Asker: 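Input: one structure, supplied below.
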Amino acid sequence: MTYSAHIDSFTRDNLPPLAQQPEFLFDLPELQFPERLNCSDPLLDRHVAEGRGARLCIQAPGVRWTYADLQERANRIANVLVRDMELVPGNRVLLRAPNNPMMAACWFAVMKAGAVAVATMPLLRAKELKHVITKARVTHALCDLRLADELKGAAAECAELKHIRYFNDTSAVGLEAAMAKQSTAFSNVDTALTDTCMLAFTSGTTGQPKATMHFHRDVMASCVCWPPHVLRPNADDVFMGTPPLAFTFGLGGLLLFPLSVGASTVLLEQGAPQDLVDAIANYKATVLFTAPTSYRAIAPLAGPLRGSSLRKCVSAGEALPAATRALWKEATGIEMIDGIGATELMHIFISADEAHARPGATGTVVAGYVACVMDDDGKPTALGQVGNLAVKGPTGCRYLADERQANYVKNGWNYTGDAYAMDAEGYFHYHSRTDDMIISAGYNIAGPEVEDALLRHPKVAECGVIGVADEERGQIVKAIVVLRPGNEPTPAMAKELQDFVKQSIAPYKYPRQIEFAGTLPRTETGKLQRFRLRQTNQGESK
Ligand code: 3UK
């Protein structure tokens, strides 16, 4: 049997069968990892060992930690886990907090102790937490005191979750008090590169969330592919952004990638547009990670960012409309870096840097990965043809004990569920989620293309486009539109928008129905929930 440091073998026992796993590629020289690998070593401890302990690592309001500070906290917490909380390698530790320094310290403590981090979105309720705890067989939890209530509710019904500590807690029973009694030294558990170190739950737009499994190797693979080849950060960069650390987009962008190059990160609990603009100025952020809708919301306030410290702006989570890219460039002068990533693949696998960005295209395949557009029989399509995006690389989908593995991985390829076309220069053009393609009078219409056309209208703040059933055409295109303040949702307004769309894209794609709304349903990661729009429009679509 291959070596593992896990005494609790739960994750190893619940890997998908080998035949259902994707093919993994390790061709790049930087992907040659040692057999024993604990990702805390290269990401955190190495910097202190090599004399960079005094360099700035994490900032937050009122907090300035060096690499040595973070290491000391993580070591103390690892000691609390092992000595006070009876943790053994392989146990699952639930982490629950807004983005803040203690959350980061806890994440590293879990890595150091050879356990498995299960980070959860701050807004999850007891019922959803219960699903996570049950599915991942969580035994331990480290939770921000302010988020205690829902966890307590869930824990009451989960007998296996026995050891819970709360942090950002000044009381005598808080994690900080326990840390104070522990040594600042901890020797990292000698994990195998194929030991699972984290379970990342998918956002679950349809059905129960799935738990994706990532090894120590996957964490490091994500740090050596997209960041050095596309983002190209350096040790003086100051990273900032909004995605939660429980979302692999945020974990990579706001913790793993900055630390992998010895840079620093700013962790903010709130990401409202004005807060973010102010924080960029105050902390002199150089690299920003957020979702397309957030760029759109910040753009009107972003004037002061022109010529500021900010030099790289990364957009992911959903398609970046060309209209939003243009708006951001007008406001700040910065060309955005778009990238498609997925929880299953850990991070970004198709992207373009600021010099190679093409409006309307996500980019080209990231070093270390291969990507292909397939027809429904799993054969590559001709150039320019829309089909199913399939990807392979050093990371890939492993759902923990889940039959849906067979839907995501076929013939060794990871199928992301996105409809894409590739052009002659290898640029991948996003069309829609494969389930979201609208078929109207025999035409395939991608909602995001219609959304992009609407977003170019100055009175449109946000919009979502779906197909609703129609007797004559099968489906018709319907837009749900949020207007910018000061505009009236009148039939004349709807007509104006329809005419506007007809002028910029093929007229058959125009939204035959327009409904005005105050907000659109979104996930905590900024994704538009089209299925919810479809549900509320079922009446008409029957
Ligand atoms: C969509 C995009 C077009 C696409 C993620 C960066 O979003 C992330 O992970 P999720 O598991 O969702 C994956 C799905 O989201 N998507 C993401 N980025 C783009 N579509 N253009 C994009 N740039 O449908 C994909 O299949 O929540 C993103 C890094 C890590 C991540 N986990």
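A quick note: this is a predicted structure, and the numbers were derived from the prediction, not measured. Atoms within each ligand, like the ligands themselves, are counted from 1 in listed order. Residue numbers count from 1 along this sequence. The figures here come from the full heavy-atom set of this structure, side chains too, leaving out hydrogens, waters and symmetry mates.
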Asker: Can you confirm if the NZ or CZ of K509 lies within 45° of the ring axis of Y443 and under 6.0 Å from the centre of its six-membered ring?
Answerer: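 Not flagged: K509 not positioned over aromatic ring of Y443.
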Asker: Going by an N to O cut-off under 4.0 Å, is there a salt bridge joining R296 and E462?
Answerer: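 Looking at E462 together with R296, the answer is no, because their closest N to O distance does not fall below 4.0 Å.
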Asker: Check whether any side-chain N or O of N414 sits under 3.5 Å from a backbone N or O of G396 as a donor-acceptor pair, and report yes or no.
Answerer: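 No: the side chain of N414 does not pair with the backbone of G396.
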Asker: Decide whether an N or O pair under 3.5 Å exists between S315 and ligand 1.
Answerer: no
Asker: Using a 3.5 Å cut-off and no angle test, enumerate the donor-acceptor pairs between side-chain atoms of residues 118-126 and protein atoms at least two apart in sequence or in another chain.
Answerer:
unit_1, atom_1, unit_2, atom_2, d
T120, OG1, L95, O, 3.1
R125, NH1, E150, OE2, 3.0

Asker: What's the shortest distance from atom 18 (N) of ligand 1 to any protein heavy atom, and which residue and atom give it?
Answerer: G317 N, 3.0 Å
Asker: Could you tell me whether a side-chain N or O of Q405 sits under 3.5 Å from a main-chain N or O of Y399, the two making a donor and an acceptor?
Answerer: yes
Asker: Using distance alone, determine whether A316 and ligand 1 share an N or O pair under 3.5 Å.
Answerer: no
Asker: Flag this pair as yes if the NZ/CZ of R217 is under 6.0 angstrom from the six-membered ring centre of F33 and inside a 45 degree cone about the axis; otherwise no.
Answerer: no
Asker: Quick check: does D418 get an N/O under 3.5 Å from an N/O on ligand 1?
Answerer: yes
Asker: When you compare ligand 1 with G339, is there at least one nitrogen or oxygen pair between them that comes in under 3.5 angstrom?
Answerer: yes
Asker: Which of the atoms of ligand 1 are close to R433, meaning less than 4.0 Å from one of its heavy atoms?
Answerer: 4 (C), 24 (O), 25 (C), 26 (O)
Asker: Return a yes/no value for T525: is any of its N or O atoms, backbone included, closer than 3.5 angstrom to an N or O of ligand 1?
Answerer: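 No, there is no polar N/O contact under 3.5 Å.
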Asker: If you count every heavy atom of other residues, nucleotides or ligands that lies below 6.0 Å from N411 atom CG, does the total exceed 12?
Answerer: no
Asker: Could an N or O of ligand 1 be found under 3.5 Å from any N or O of Y430, whether backbone or side chain?
Answerer: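 N/O-N/O distance below 3.5 Å does not exist for this pair.
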Asker: Could a heavy atom of G417 be found less than 4.0 Å from some atom of ligand 1?
Answerer: no
Asker: Okay, side chain of N99, backbone of L245: is any donor-acceptor separation there less than 3.5 Å?
Answerer: yes
Asker: What is the closest protein heavy atom to atom 13 (C) of ligand 1, and at what distance does it sit?
Answerer: G341 O, 3.4 Å
Asker: Numbering the atoms of ligand 1 from 1, which are under 4.0 Å from a heavy atom of M346?
Answerer: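 Answer for ligand 1: 30 (C).
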Asker: Give the numbers and elements of all ligand 1 atoms closer than 4.0 Å to a heavy atom of T343.
Answerer: 9 (O), 10 (P), 11 (O), 27 (O), 32 (N)
Asker: Determine, using ring centers only, whether Y430 and Y420 are less than 6.0 Å apart.
Answerer: yes
Asker: Within ligand 1, which atoms have a heavy atom of T416 less than 4.0 Å away?
Answerer: 26 (O)
Asker: So is T248 in contact with ligand 1, going by heavy-atom distances below 4.0 Å?
Answerer: yes
Asker: Side chain, backbone, both or neither: which applies to D338 and ligand 1 if a contact is any heavy-atom pair less than 4.0 Å apart?
Answerer: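 Answer for D338: side chain.
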Asker: Taking all non-hydrogen atoms of both residues, which atom of V230 and which atom of D353 are closest, and how far apart?
Answerer: O-CB, 3.5 Å
Asker: Any N/O of H347 closer than 3.5 Å to an N/O of ligand 1?
Answerer: no
Asker: Which donor-acceptor pairs under 3.5 Å do side chains of residues 378-389 form with protein atoms, sequence neighbours excluded?
Answerer:
unit_1, atom_1, unit_2, atom_2, d
T381, OG1, V373, O, 3.2
N388, ND2, D376, OD1, 3.0

Asker: Of all the non-hydrogen atoms in the protein, which one sits nearest to atom 22 (C) of ligand 1, and at what distance?
Answerer: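 In this structure, atom 22 (C) of ligand 1 has E318 O, 3.5 Å as its nearest protein heavy atom.
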Asker: Using heavy atoms and a threshold below 4.0 Å, how should the contact between K527 and ligand 1 be classified: side chain, backbone, both, or neither?
Answerer: side chain
Asker: Among all protein non-hydrogen atoms, which one is nearest to atom 21 (N) of ligand 1, and what is the separation to 0.1 Å?
Answerer: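 Result for atom 21 (N) of ligand 1: A319 CA, 3.4 Å.
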Asker: In terms of side-chain geometry, is the basic nitrogen of R433 or D435 positioned less than 4.0 Å from the acidic oxygen of its partner?
Answerer: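 Looking at R433 and D435, the cut-off is not met.
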